[in-house]
Amino acid sequence: MIKAGLIVLFTLIIFFMPTDDQFRKWFRFIMLTFFVISFIIDLNKYRKDNG
């Protein structure tokens, strides 16, 4: 649940607070990608353990 909230938060920050700095754009994209991949991995583990 926390990771899902962070994914939504980062997505909102990217859309509502855009930046012109290339480093910050890539850093935000990498953080968002990391949280999405981590969330998918955790979701698959949860489904295997409880399914």
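FYI, side chains are in, hydrogens and waters are out, and symmetry mates aren't considered; it's all heavy atoms of this structure. Note that the numbering runs from 1 along the sequence shown for the chain.
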Using residues 35-43 as the side-chain source, report each donor-acceptor pair under 3.5 Å to any protein atom, sequence neighbours left out, with the distance given to one decimal.
residue: S38; atom: OG; partner: K3; partner atom: NZ; Å: 2.5
residue: D42; atom: OD2; partner: K3; partner atom: NZ; Å: 2.4

| field | Sequence-distant partners of F29, ring pair (Phe, Tyr, Trp, His ring centres under 6.0 Å), two or more places apart | value | W26

Can you give each donor-acceptor pair under 3.5 Å made by side-chain atoms of residues 8-20, sequence neighbours left out, with the distance rounded to 0.1 Å?
residue: T11; atom: OG1; partner: I7; partner atom: O; Å: 2.8
residue: T19; atom: OG1; partner: D21; partner atom: N; Å: 3.3

| task | Assess whether atom CD1 of I30 is packed by more than 12 heavy atoms of other residues, nucleotides or ligands within 6.0 Å. | result | yes

| field | M31 with I2, same ILVMFWY side-chain cluster at under 4.5 Å | value | yes

